[in-house]
Number of protein chains: 2
Amino acid sequence: MFRLSKKSDYGLIALKHLAQHNEESISAREIAARYHIPAELLAKVLQRLVRKGLLASQQGINGGYILARDPATISIVDVVEALEGPISITPCERGDDCQQLQMCSVRDPLLKIKAKVVRVLGDTSIYELATN
Amino acid sequence: MFRLSKKSDYGLIALKHLAQHNEESISAREIAARYHIPAELLAKVLQRLVRKGLLASQQGINGGYILARDPATISIVDVVEALEGPISITPCERGDDCQQLQMCSVRDPLLKIKAKVVRVLGDTSIYELATN
DNA sequence: ATAAGTCCGACTGAAATGGTCGGACTTAGT
DNA sequence: ACTAAGTCCGACCATTTCAGTCGGACTTAT
């Protein structure tokens with residue numbers, strides 16, 4: 001519950017590492033070895049971050065990944081949403097019509113709470129992760 | 001991601017309903033019908049809340065559930081933790097030794113964020129849910 | 001031109017969740 | 001005191017989601 005998936009975990013680790021070694025291209029294999037992460041899985045995570053515009057990839061023999069934006073402008077929410085889709089507190093939010101909507105008596109309060117949580121996650125950037 | 005399970009959702013709905021109809025015993029079946037929730041599933045949720053001391057159950061022909069504590073003293077965190085165990089942001093927290101601990105470069109920052117999230121969830125009580 | 005090394009998308013296995021079923025208990029009425 | 005209705009309660013099964021794996025396509029330095 002409320003546990004972020006390993007995909008997000010791995011993504012944050014990689015982004016932090018890239019932020020600390022900025023301006024140089026680092027391969028997925030290298031990061032994976034450094035943190036004992038399955039290489040192919042990390043590659044899949046990173047390629048998804050590329051598609052979402054957070055990373056840039058360089059193919060070829062000395063290729064790798066590099067940050068596409070200033071780490072100070074990348075928040076944890078950005079990473080999580082890129083890897084797992086929009087974050088939703090309530091099950092109802094996902095297009096399901098909520099099984100007769102079950103009167104949704106708790107929907108509105110939970111949406112407010114979600115907003116607060118998102119704000120908390122948005123307050124921390126990759127830059128802060130890398131320097132603190 | 002960050003989605004609370006239906007168990008928690010149902011639990012919150014039921015507690016809110018019980019808080020709004022305080023001092024009277026209400027059966028799981030009745031609440032389930034009111035909000036279109038599978039009756040047996042809701043019963044399982046409620047019985048778990050009983051075991052955790054949030055509700056009191058009354059068996060017999062006119063039995064049902066009733067709040068065991070002042071709704072103002074029950075926060076959303078209490079409900080969620082009662083139904084899904086301690087909330088953990090990082091996968092590492094759960095006793096697993098984190099696969100060589102993967103240097104856990106993001107562990108500490110995430111723990112701080114978790115604390116903030118818990119505070120947000122703890123700020124809202126069932127009483128507020130029922131009155132607002 | 002070749003080959004090493006990388007990124008990339010699709011497939012498989014495992015865990016957690018949602019949901020269901022039958023049993024045990026308690027209580028009101030006769 | 002007995003009966004029967006109605007409730008709580010714990011164990012079981014199906015489904016979805018997630019973690020992880022494998023093979024292919026591309027790019028680049030030699």
Side-chain angles (χ1 to χ4, degrees), chain A residues 1-11 13-14 18 24-33 35-52 54-66 68 80 83-85 87-88 90-92 94-96 98-99 102, chain B residues 1-11 13-14 18 24-33 35-52 55-66 68 80 83-85 87-88 90-92 94 96 98-99 102:
Chain A
M1 159 55 200
F2 267 124
R3 190 164 67 256
L4 55 81
S5 72
K6 289 197 176 179
K7 272 184 288 189
S8 298
D9 206 20
Y10 294 158
I13 291 174
L18 287 170
E24 45 175 327
S25 179
I26 305 179
S27 72
R29 180 184 306 269
E30 185 179 343
I31 299 178
Y35 298 95
H36 304 92
I37 301 172
E40 296 86 358
L41 179 55
L42 179 62
K44 201 176 71 168
V45 169
L46 295 184
Q47 86 190 35
R48 186 161 185 138
L49 291 177
V50 169
R51 224 180 310 161
K52 295 292 181 175
L54 298 184
L55 289 181
S57 68
Q58 182 72 7
Q59 284 196 342
I61 197 169
N62 274 333
Y65 294 91
I66 195 170
V80 171
L83 291 176
E84 316 193 20
I87 81 180
S88 57
T90 68
C92 323
R94 298 189 49 181
D96 327 334
C98 208
Q99 294 286 24
Q102 61 191 185
Chain B
M1 160 54 200
F2 266 123
R3 189 163 69 254
L4 54 82
S5 73
K6 290 197 175 180
K7 272 183 289 189
S8 299
D9 205 20
Y10 295 158
I13 290 174
L18 287 170
E24 44 175 329
S25 178
I26 305 177
S27 73
R29 181 184 305 269
E30 184 179 344
I31 299 179
Y35 298 96
H36 303 94
I37 300 172
E40 296 87 357
L41 179 54
L42 179 63
K44 201 176 70 167
V45 168
L46 295 184
Q47 85 190 36
R48 186 159 186 139
L49 291 177
V50 170
R51 225 180 310 161
K52 296 291 181 176
L55 288 181
S57 67
Q58 183 73 6
Q59 284 196 344
I61 197 169
N62 274 333
Y65 293 92
I66 195 170
V80 171
L83 291 175
E84 317 193 20
I87 82 179
S88 57
T90 68
C92 323
R94 298 188 51 179
D96 326 335
C98 208
Q99 294 287 23
Q102 62 190 187

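On a predicted model such as this, the values are computed, not experimentally measured, just so you know. Each chain gets a letter, A, B and so on, in the order the sequences are listed, and its residues count up from 1.
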Engineer: Closest heavy-atom contact between B:L83 and B:K7?
Structural biologist: CD1-O, 3.4 Å
Engineer: For D:dC9, does either OP1 or OP2 sit under 4.0 Å from a side-chain N or O belonging to B:Y65?
Structural biologist: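 Yes, because at least one side-chain N or O of B:Y65 sits under 4.0 Å from OP1 or OP2 of D:dC9.
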Engineer: Rounded to whole angstrom units, what separation is found between the NE2 atom of B:H36 and the P atom of C:dG19?
Structural biologist: 15 Å
Engineer: Would you give the length of the straight line joining atom OG of B:S27 to atom CD1 of B:I61, rounded to the nearest 0.5 angstrom?
Structural biologist: 12.0 Å
Engineer: Could you go step by step and tell me if A:S57 and A:Q47 meet the side-chain hydrogen bond (donor to acceptor under 3.5 Å, both in side chains) rule?
Structural biologist: CA-CA 8 Å; A:S57 68; A:Q47 86 190 35; over 6 Å; no
Engineer: Below 3.5 Å between N/O atoms, which protein atoms pair up with nucleotides 23-30 of chain D? Just atom names and distances, please.
Structural biologist:
| residue | atom | partner | partner atom | Å |
| --- | --- | --- | --- | --- |
| D:dT27 | O4' | A:Q59 | OE1 | 3.2 |

Engineer: Nearest-Å distance, CG (B:L83) to C1' (C:dT17)?
Structural biologist: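 That distance rounds to 13 Å.
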Engineer: Taking C-beta and beyond as the side chain, do B:L18 and B:I31 meet within less than 4.5 Å on heavy atoms?
Structural biologist: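 SC-SC contact between B:L18 and B:I31 confirmed.
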Engineer: Under 4.0 Å from OP1 or OP2 of D:dC9: is there any side-chain N or O of B:S57 that close?
Structural biologist: yes
Engineer: Between B:K6 (NZ) and C:dT20 (P), how many Å, whole number?
Structural biologist: 11 Å
Engineer: Just N and O in the side chain of B:R29: are any of them under 4.0 Å from OP1 or OP2 of D:dG6?
Structural biologist: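 No.
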Engineer: Which of the following nucleotides, C:dG19, D:dC8, D:dA19, is nearest to the side chain of A:L41?
Structural biologist: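 Closest nucleotide to the A:L41 side chain: D:dA19.
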Engineer: Determine the contact category for B:R51: base if any of its heavy atoms lies under 4.0 Å from a base atom, sugar-phosphate if only primed atoms, P, OP1 or OP2 are that close, otherwise nothing.
Structural biologist: sugar-phosphate
Engineer: Rounding to a whole Å, what distance do you find between A:I37:CD1 and D:dG20:C1'?
Structural biologist: 13 Å
Engineer: If I take atom CD in residue B:E84 and atom C1' in nucleotide C:dA15, what distance separates them, rounded to the nearest angstrom?
Structural biologist: 16 Å
Engineer: Between B:L46 (CG) and D:dC8 (C1'), how many Å, whole number?
Structural biologist: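 Interatomic distance, CG of B:L46 to C1' of D:dC8: 10 Å.
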Engineer: Tell me whether the OP1 or OP2 atom of D:dA19 has a side-chain N or O from A:Y10 closer than 4.0 Å.
Structural biologist: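 For A:Y10, the contact criterion (side-chain N or O under 4.0 Å from OP1 or OP2 of D:dA19) is not met.
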Engineer: What's the CZ-P distance between B:R48 and D:dC8, to the nearest Å?
Structural biologist: 18 Å
Engineer: What's the separation between atom OH in A:Y35 and atom CG in A:D9, rounded to the nearest 0.5 Å?
Structural biologist: 12.0 Å
Engineer: Round to the nearest Å and state the distance from A:L42 atom CG to D:dT21 atom P.
Structural biologist: 13 Å
Engineer: Look only at the side chain of B:S25 and the backbone of B:G64, and say whether a donor-acceptor pair between them is shorter than 3.5 Å.
Structural biologist: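 Yes.
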Engineer: Within this structure, what is the CD1-CD1 distance for the pair B:I26 and B:I66, rounded to the nearest 0.5 Å?
Structural biologist: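 Those atoms lie 8.5 Å apart.
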Engineer: Considering every strand and a 4.0 Å limit on heavy-atom distances, what is the contact class for A:K7: base, sugar-phosphate, or nothing?
Structural biologist: sugar-phosphate
Engineer: Could a donor-acceptor pair under 3.5 angstrom be found where the side chain of A:K44 meets the base of D:dG20?
Structural biologist: yes
